[in-house]
Amino acid sequence: GGAMSFLKRFPPPAEGVRHRQPDTEAVLAGRSLGAGTLYIAESRLSWLENSGVGFSLDYPTISLHAVSRDLSAYPCEHLYVMVNAKFEEAETKEAPMAEGEEEEDSDDDVEPIAEFRFVPSDKSALEAMFSAMCECQALHPDPDDEDSDNDYEGEEYDVEARELEQGDIPSFYTYEEGLSHLTAEGQATLERLEGMLAQSVSSQYNMAGVRTEDSIREFEDGMEVDMAPVVAGQFEDAEVDH
Amino acid sequence: MEVSHSVKERTIAENSLVILLQGLRGHVTTVDLRDESTATGRVTNVDAFMNVRLAEVTFTDRQGTVSCLDELFVTGRNVRYVHIPDEVDIRATIEQQLQAIHRVRYFGGRDKGRKEFPRVKHK
C-alpha cells in the first residue's frame, strides 16, 4: 500500500521517557506500519519506524489502552491503544460505523476511532509498557470534566504553605510600600537617619541601600544596590576621614 | 485499604462519589464506556479522575465483538457507567474509604498530623 500521510520525521523524545521499547511493530486498523521503537513519554506517546518516520499520539486523545494476549482476537500479544481521532489510512476494517454510515458523514453521535496495536518482539515487556502508559495517562486528566469542582486548585493543596500561614512570618516591604506604613514621625526619623548615614559615607563610595542626594534621582527602589561608578581611591591606601 | 498519595486526589475523592468506585478495588464489575462498548473485569485501581484499571477483562466492543484483555485502562472521560456489584454495601464502602483517608490525614493523632483542611465537614 501507499505511504501513510500522517507519518512524519522527527527526533525521538528525550525528556520524560518512562518506557522505550525497540523492535516494536505498529499496526493501524489491521495494517502494519513497519518495525520501530515505541516511546512512552510523559508528554506524548510516540512511535518511530527504524527508517526515522513515525507519529505521536496525545494522551487526551487516547480513550483506553490494554494488554491483549487473546490470540483468537489477534494473532500476536500486543499493547492495544484506542484513539479518539481519525487517521488517514486505507479502508478500515476494524472500526466500521453502524448501519453502513460513512465515518466522514456521521454526526456527533458516532465518534472517530483509530485502533493502534503495538506489537513488541519481547512479549514480557507488555506489562511495563502498560504500566508506563497508565502513569502517563494519569498526568493528563480531562480538562473538560464538567463534574470536577475546580475549587480544589490553589493554596489549599499546599499543606506546608497552609501551616506557614498560620504562623507569624514577617513580611518584607519594598521601599515605597514600607514608607507608606510609617507614621509621619517614623518617616522623619528615617530621613534623619539616612541623612546621617549619607554624611558619614564619604564621597569616595556609596553604601548600598543608602539614599544619598545622587542616588535619590536615579533609583525608584531604595533597596536596590547602588551600581554607580565608584570614585577612584576606594581601594587604594587613601586616607579616609570618617 | 489503599489511599492515594496525593493530597489533591484524596480531596477530590473525599468530596465525590469517586470514593465509592475506589472502594471497588478487588471486585469484579462492568464498566460501560462512552462509545457503548463494555468491559467486565476485576478492579485494580480507580483514581480521582475516574481513570479505571481492570484486570482479566472481557471486552465487548461496540459492534458486539468479544475479546479478552489481560489488563485494561479506561480514561475517566470515557467511562459512562460503573456497575456496582450486588455484594457491595455502598454505604459501608464509602465509610471505609473515608476512614482510610482520615487515617492518613490524622496520622500521629488528632491535630498532630498533616492538616490538609482545617474545616472538616463531617464528623
Side-chain angles (χ1 to χ4, degrees), chain A residues 59-74 77-82 84 94-98 109-113 115 126-127 129-131 133-154 156-160 162-163 165-166, chain B residues 4-18 31 33-39 41 44-80 104-105 113-119:
Chain A
Y59 291 106
T61 65
I62 297 177
S63 310
L64 59 88
H65 64 275
V67 172
S68 172
R69 298 190 205 270
D70 181 357
L71 301 182
S72 63
Y74 190 83
E77 298 181 23
H78 63 277
L79 178 74
Y80 173 84
V81 178
M82 182 192 287
N84 202 351
E94 294 193 27
M97 293 304 104
D109 284 352
V110 183
E111 293 182 4
I113 278 195
E115 295 179 300
L126 282 170
E127 271 303 310
M129 291 161 70
F130 177 83
S131 293
M133 279 209 61
C134 290
E135 289 166 17
C136 293
Q137 194 73 279
L139 297 172
H140 298 261
D142 182 12
D144 295 332
D145 189 354
E146 291 145 13
D147 292 336
S148 75
D149 188 346
N150 289 324
D151 290 339
Y152 300 124
E153 302 295 324
E156 283 181 292
Y157 277 98
D158 190 339
V159 177
E160 270 69 43
R162 190 107 185 117
E163 286 168 355
E165 276 169 39
Q166 290 160 6
Chain B
S4 169
H5 296 288
S6 151
V7 174
K8 175 176 176 177
E9 292 200 32
R10 286 200 291 270
T11 307
I12 292 175
E14 188 185 28
N15 288 287
S16 81
L17 281 175
V18 153
V31 179
L33 275 57
R34 209 154 60 114
D35 73 344
E36 296 177 19
S37 57
T38 66
T44 314
N45 191 57
V46 178
D47 68 16
F49 312 110
M50 217 182 293
N51 295 319
V52 178
R53 183 165 166 169
L54 300 172
E56 297 146 33
V57 181
T58 302
F59 184 76
T60 306
D61 72 14
R62 55 188 185 178
Q63 281 86 44
T65 310
V66 180
S67 60
C68 293
L69 300 168
D70 265 36
E71 292 205 72
L72 171 68
F73 179 99
V74 184
T75 54
R77 183 160 186 262
N78 289 281
V79 173
R80 178 173 286 154
V104 169
R105 181 172 300 157
R114 294 167 64 83
K115 285 189 173 53
E116 292 176 9
F117 289 93
R119 41 177 185 81

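Keep in mind that the numbers below use all heavy atoms, side chains included, and drop hydrogens, waters and symmetry copies. The sequence lines fix the lettering, A, B, ..., with proteins before strands; numbering per chain opens at 1.
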>> Using a 4.5 angstrom heavy-atom cutoff, name the option from B:Val57, B:Thr75, B:Asp47 with the most pairs to chain A.
In response: B:Thr75
> Between the main-chain N or O of B:Ser4 and the side-chain N or O of B:Arg10, is there a donor-acceptor pair closer than 3.5 Å?
Replying inline: yes
> Quick one: what part of A:Glu127 sits under 4.5 Å from any heavy atom of chain B, side chain, backbone, both or neither?
Replying inline: side chain
>> Just verifying a value: how many Å separate A:His65 NE2 and A:Cys136 SG, rounded to the nearest 0.5 Å?
In response: 9.0 Å
> For B:Leu54, is it the side chain, the backbone, both, or neither that has a heavy atom closer than 4.5 Å to a heavy atom of chain A?
Replying inline: neither
> Contact part of A:Met133 toward chain B, heavy-atom cut-off under 4.5 Å: side chain, backbone, both or neither?
Replying inline: neither
>> Does atom CG (A:Leu139) have a neighbourhood of more than 12 heavy atoms from anything else shown, all under 6.0 Å?
In response: yes
>> With chain B as the partner, which of A:Ala66, A:Ala73, A:Pro60 has the greatest number of non-hydrogen pairs under 4.5 Å?
In response: A:Ala66
> Ion pair present between B:Glu36 and B:Arg62, side-chain N to carboxylate O less than 4.0 angstrom?
Replying inline: no
>> Report which part of B:Asn78 has an atom under 4.5 Å of a heavy atom belonging to chain A: side chain, backbone, both, or neither.
In response: side chain
> Counting N and O atoms only, with roles assigned by atom type, does the side chain of B:Ser16 sit under 3.5 Å from a partner on the main chain of B:Ile12, one being a donor and the other an acceptor?
Replying inline: yes
>> Under the criterion salt bridge (charged side-chain N to carboxylate O under 4.0 Å, His left out), I'd like the reasoning laid out for B:Glu14 against B:Arg105: C-alpha separation, chi angles, the key distance, then a yes or no.
In response: CA-CA 12 Å; B:Glu14 188 185 28; B:Arg105 181 172 300 157; 3.2 Å; yes
> So which of B:Asp70, B:Thr65, B:Leu69 has the largest heavy-atom pair count under 4.5 angstrom toward chain A?
Replying inline: B:Asp70
> Relative to chain B, which segment of A:Leu126 carries a heavy atom at a distance below 4.5 Å: side chain, backbone, both, or neither?
Replying inline: neither
